[in-house]
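Presented below is the structure to which this report refers.
Just the heavy atoms: all of them, side chains too, but no hydrogens, waters or symmetry mates, feed the values below.
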Amino acid sequence: MIRGGLNYVSSAPAFSKDGKRLFVCSGTSVSVFSTATGSLVSSLQGHTAVVTAVVVIPTTASLLSYCWTASVDGTIRQWDYSVPECVKILDLRFPIFSLVVPSALSTREEKDAKSSPNVIAYVSVESRNAQDNRPKPRSGQIRKCNLTNFHTVSSLILRETEQPESLTISPSGKFLGIKDKRKLHIWKVPKMDSDSAVSKKITLHHTKTFTVLAFHPTERIVAAGDVTGRILIWRGFGAQKFLNSSVLVNGRPTYNDDKPGVRENDDAESCCTWHWHSSGVSHLSFSSDGAYLYSGGKEGVLLLWQLDTGNKKFLPRIGSPLLYFVDSPDSSLSALSCADNQIHILKMPSMEIIKSISGIKPPLSSQDICEGLSSRVSFDCTSGSVAVQTESYRIQFYSLFANRGVYEVQVCERNHQPVDEITLVVSLVELSLDGSVMGTVEIKLPEDGIGGLVCLKFWDLDDNQRFSVSTLIYEPHRDAHISAVAFHPTRHMAVSSSYGGDFKVWVCKEEIELKGQMLQTSGWMCHAVGSYKNKAMRAAAFSADGSVLAVAADTVITLWDPNNNVLVAVIGETPMPITRLVFAGSSDYLLSVSHGSKPQLSVWSMSKLAASWSYRLQIEAVSSAIDLSYFAALVLLPESNDCTFKGDGIILLFNVKDPVPVASWSVSKAKGGGLAFLKGEPSESAITDGRASQALLVYINGDREYVIFHPYGKEARELSITGHEDRVFEETGQSGYTSIYGALPKFDWKRNIASPIPSAASERPWETIFSGSSHSLPPLTKLCSEFLESLLEKRTTAVE
């Protein structure tokens, strides 16, 4: 079993004490990467929920390598990451969303001055009701925790917020702060810290909502960014309360009148404002010497501000909004986390990107806006990779087995722009069976009802095993949108279907002649055009041998000879238009998926040109094994379902000849998910139908997290949340024969055991002739002869 596709940028990363390792929170574990190579070195596994924080302890002993991790599962764990091994587990019984350890940042002299050996941590937790385990109205709490002598989390609550907030600790470990709407709350960490020690607090105010804050490493300077892109810098904060230098007049502290930029009675000497970002500031941090301030936002540009003068320096065209910037103990390295699930290792002070840790790209932010146009993921079943769409009109090829990004293809030229206006959509991405050809469809959206353009591109692999554009076709179906693209399994042939009522077959022509030199160039040309009663062509698929092309014309399926462009047959009639067609491996069965108010999964027999069986299910994805008669379907469960399944979806594995599922697995985040059968290694094969199978099943959810497993082996049974014995499978409605004629009577097993061929004709044989499923009836010639013969009167010949 292989799991991957985790989020690497959910929390800030952390460097090891020597700067050679980078700790990244990734799901329920912490991935440890080498900063020199960018490769995965080890993993800290043990948490049962998402890890939200990692704190490295900078010990002086060379052989000791410790870190603390916190998780939503309510536990804090101490690790020896050199092994790796979990050393200690503390159960706080509250979901933990942030963790800071001030003593890990204190200088050696300060540590020696402290007589208390206890290590005190500050945590941001979520408080829940004891009755229903739901969050309270003000669920966020800032609390203390003794990591050395832990019994329970401290009852002292520093602050309550509407939701858990991220904690920010100063590099010196002296100050702790959080943002709470339009306020900054800052505490001074007590020198003799304990569970009951009370921290002094001040509050700074603003007219806009804060998004992030950062402390200066040596001076009492705090910077905060807001939702409008402004950066506020308070100097000398806490001069009255933290330094005890104020003089009380009538019970209130006195302040100097000359405090430029300071709002109301905020405890600070001065406040200034910088503004460059066009939207909310997502990151702030000071350099290790305190001379510079780093800031980042949605623009994908890292700014370096000179603190004394306000002069700026830029690292542009990073290509994604910035989230975190972390300095290494080695002053020559830093880590930059981006919203596209990528972490860049920077060489300082030149800010040059020397290595990148690439996770799978997150779903498009415009997916809800362009629902119905955005494409599903496309799998290369031969190489075990997946092609996913990214921001800025790119396609990322991600290795599912290696769990790392391979490379990206720029579909159309465009730099990253921090705007929400959508003008272009890559609506389809499709790969050929061997992964050597790719087809993409771009749609330029009309502006104010004017314009709009559909573009079809074919891509071929070059000598470097990367895709390059081979053919560019504008408006391949006039002004109609393309509904599907499918490739021939063995030839350079493809089909594109459109909502305009036609489909086109494309072939690749090779030209080999140029002044006697053998140069090979390829281009795609239209081979044939077909239509059926001007109905919208919504889906298309080739059979396993490529001899049959199936095209869905609204609610019916048309079968074509792709070489001669001849209509062979028309089958089916579904309640709703068909949106997906898939041939079930090398069998003579075809799968169709319909969406809408009456969704349906149907299996059609090509030999009988009739429906075999169907279910009323909302299908999100379907895939079939190449060399077997099995297929898997990802089903979306209704919100009001009473099934025992966990999650919002279920994977059903079928033998195409049998409507009873072979296996089922409950899954979560099924909306936007995908399925595919991949070619496995011989060591991973299992015996299915009397022969070895090397097919592995991969499921990728809506957040692009995935799992690869063998659906036929023991591993699949271990993966199953709902076992085969506990499976509860109910149709959402009647379909096929039942929807027309009603339910059939229960099958009588005793009657079936009786003599199959009676010695005398039954008095009413037509009752048994027409009993059973409609698709299992004998041929019409057989039915007519038997029925007419049963109406004739039988006479016994007299023997003279």
Practice task
Fit a plane to each ring of Phe33 and Tyr8, take the angle between them on a 0 to 90° scale, and name the class: parallel (under 30°), tilted (30 to 60°) or perpendicular (over 60°).
Solution key: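 Aromatic pair Phe33/Tyr8 classed perpendicular.
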Exercise for the section: Tell me whether the centres of the aromatic rings in Trp79 and Phe23 are closer together than 6.0 Å. Expected result: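 So the answer is no for these two rings.
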Output a table of donor-acceptor pairs, distance under 3.5 Å, between side-chain atoms of residues 401-409 and any protein atom two or more places apart or on a different chain; print 'none' if there are none.
from: Asn403; atom 1: OD1; to: Gly5; atom 2: N; distance (Å): 3.3
from: Asn403; atom 1: OD1; to: Tyr398; atom 2: OH; distance (Å): 2.6
from: Asn403; atom 1: OD1; to: Tyr706; atom 2: OH; distance (Å): 3.3
from: Glu408; atom 1: OE2; to: Lys361; atom 2: NZ; distance (Å): 3.2

Atom of [X], atom of [Y] and distance for their closest heavy-atom approach:
| X | Y | value |
| --- | --- | --- |
| Thr35 | Ile345 | O-CG2, 4.3 Å |
| Pro329 | Ser16 | CG-O, 3.4 Å |
| Pro84 | Ser43 | CG-O, 3.8 Å |
| Pro164 | Val125 | CG-O, 3.9 Å |

Exercise for the section: Take Asp327 and Ser334, measure what side chain to side chain donor-acceptor pair (under 3.5 Å) needs, and give me the verdict at the end. Expected result: CA-CA 5 Å; Asp327 283 325; Ser334 294; 2.9 Å; yes
Any side-chain to backbone donor/acceptor pair from [X] onto [Y]? Under 3.5 Å, distance only.
| X | Y | answer |
| --- | --- | --- |
| Asp462 | Asn464 | yes |
| Ser139 | Glu126 | no |
| Asn311 | Gln306 | no |
| Ser337 | Ile343 | no |

Exercise for the section: Would you please test Ser172 and Ser170 for side chain to side chain donor-acceptor pair (under 3.5 Å) and show each step? Expected result: CA-CA 5 Å; Ser172 62; Ser170 66; 3.3 Å; yes
Exercise for the section: Would you verify whether the NZ or CZ of Arg21 falls within 45 degrees of the ring axis of Tyr81 while also being under 6.0 Å from that six-membered ring's centre? Expected result: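 Here Arg21 fails the 6.0 Å and 45° test against Tyr81.
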Problem - Pair Lys241 + Asp267, salt bridge at N-O below 4.0 Å - result: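 Result for this pair is no, no salt bridge flagged.
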Practice task
State whether Glu162 and Lys181 are salt-bridged, where the test is any N-O pair (Lys NZ or Arg NE/NH1/NH2 against Asp/Glu carboxylate O) under 4.0 Å.
Solution key: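 Yes, this pair counts.
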Exercise for the section: In sequence, state the C-alpha distance, the side-chain angles, and the governing distance for Asp73 and Thr75, and then conclude on side chain to side chain donor-acceptor pair (under 3.5 Å). Expected result: CA-CA 6 Å; Asp73 63 8; Thr75 64; 2.8 Å; yes
Handout entry: side chain to side chain contact (heavy atoms under 4.5 Å, CB included) between Thr168 and Lys179, worked out
Key = CA-CA 9 Å; Thr168 302; Lys179 54 180 177 56; over 6 Å; no
Handout entry: Flag side-chain contact, heavy atom, 4.5 Å: Asp91 against Ile89
Key = no
Exercise for the section: Could you tell me whether the side chain of Asn7 reaches within less than 4.5 Å of the side chain of Glu705, counting heavy atoms only? Expected result: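 No, their side chains stay 4.5 Å or more apart.
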